[in-house]
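So the structure is just underneath, and the comments pick up after that.
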Amino acid sequence: MIDSKKIEYYTSSHRVSPQQKILKLKYTKSATFSMNHPEPYPVLLAEDNDSDLIFLQRAIRKAGVSVSLQLVRNGEEAVNYLLGEGKYADRERYPLPMLIISNMKMPRMNGLELLAWLKQQPNLKHLPVIVMSSSEDPDEMNQVTTLGGSGYFVKTSSLDMLAEIVKKMISFLPGTQEL
């Protein structure tokens, strides 16, 4: 399990002081990763914006990481997916994720509500959750930390920066290591 108090969080634009007790994903130009896993890791993405989804998919390809991205459009769908309810009951088609990436602002159930729910589930609370937002609001970042989130990043319009952030997100998966 990841101890969120020991993880540094970064925005793509600047480092935040440790006193703010927030986690951010670091933009590091030289980061490369080794993945010791034979198949793509299942990653659940809760994102309601098609443009952000496409941009993130491009960044994943550019980063050269091997993930099987499972998409849901809001926090309620993420809950159904994680519980294996309804159309998500088929775990061959909808495997339990090893990482969750959630947008902060979504309809029905936002990223904070999803994170709070997840951390109350005995069989799921160990999953790393990374929250993304268009805001650099310190209160929002602190809420993610307080609720047990593994990471927080501010959305960027730079494909190169987002690809590096993706590499940092993938480092939360088992069997991955920064080289």
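Everything quoted here is computed from the prediction, not taken from an experiment.
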pair Pro97-Leu99: side-chain heavy atoms closer than 4.5 Å: no

Distance-minimising heavy-atom pair for Asn103 and Lys105: ND2-O, 3.1 Å

So how far is it from Tyr152 OH to Ser102 OG, rounded to the nearest 0.5 Å? 11.0 Å

Hey, could you give me the CD1/CG distance between Ile100 and Leu45, rounded to the nearest 0.5 Å? 11.0 Å

Grab the two heavy atoms, one from Glu47 and one from Met132, that are nearest each other, plus how far apart they are. OE1-CE, 3.0 Å

same_hphob_cluster(Val131, Leu82) at 4.5 Å side-chain heavy-atom cutoff: yes

Solution key, residues 50-61 side-chain donor-acceptor pairs under 3.5 Å, sequence neighbours excluded:
residue: Asp50; atom: OD1; partner: Arg73; partner atom: NH1; Å: 2.8
residue: Asp50; atom: OD1; partner: Arg73; partner atom: NH2; Å: 2.7
residue: Asp52; atom: OD2; partner: Lys155; partner atom: NZ; Å: 2.7

Nearest 0.5 Å, what's the NZ-NZ distance between Lys125 and Lys119? 9.5 Å

Side chain proximity check, Gln70 to Pro95, heavy atoms < 4.5 angstrom: yes

Heavy-atom side-chain contact between Leu44 and Val72 under 4.5 Å: yes

Could you walk me through whether Phe172 and Met98 satisfy the side-chain contact (heavy atoms from CB on, under 4.5 Å) test, starting with their C-alpha distance in whole Å, then the side-chain angles of each, then the deciding distance to 0.1 Å, before giving a yes or no? CA-CA 9 Å; Phe172 286 93; Met98 297 179 86; over 6 Å; no

Which residue pairs pass the side-chain hydrogen bond (donor to acceptor under 3.5 Å, both in side chains) test when at least one of the two sits in residues 81-93, sequence neighbours left out? Glu77-Tyr88

Answer with yes or no whether the side chains of Gln143 and Thr145 bring together a donor and an acceptor at under 3.5 Å. no

Same cluster (ILVMFWY, side-chain, under 4.5 Å), Val144 and Leu147: yes

Kindly determine whether Val154 and Met141 satisfy side-chain contact (heavy atoms from CB on, under 4.5 Å), including the steps that lead there. CA-CA 10 Å; Val154 177; Met141 295 176 198; 4.2 Å; yes

When hydrophobic residues are tied together by side-chain contacts of less than 4.5 Å, even through go-betweens, does Leu115 share a cluster with Val79? yes

Measure across Asn74 and Pro107 and return the closest heavy-atom pair with its distance rounded to 0.1 Å. CB-O, 3.1 Å

Under a single-linkage definition using a 4.5 Å side-chain heavy-atom cutoff for Ile, Leu, Val, Met, Phe, Trp and Tyr, are Leu112 and Met106 assigned to the same hydrophobic cluster? no

Could you please spell out the steps behind the salt bridge (Lys or Arg N to Asp or Glu O under 4.0 Å) verdict for Lys62 and Glu164? CA-CA 9 Å; Lys62 184 171 182 67; Glu164 294 301 325; over 6 Å; no

Measure the shortest side-chain to side-chain distance between Leu96 and Leu124 over non-hydrogen atoms and say whether it is less than 4.5 angstrom. yes

Can you tell me how far the OG atom of Ser157 sits from the CG atom of Leu162, to the nearest 0.5 Å? 10.0 Å

CE-CD distance between Met104 and Glu113, expressed to the nearest 0.5 angstrom: 10.5 Å

Gln121 and Leu127, any side-chain heavy atoms less than 4.5 Å apart: no

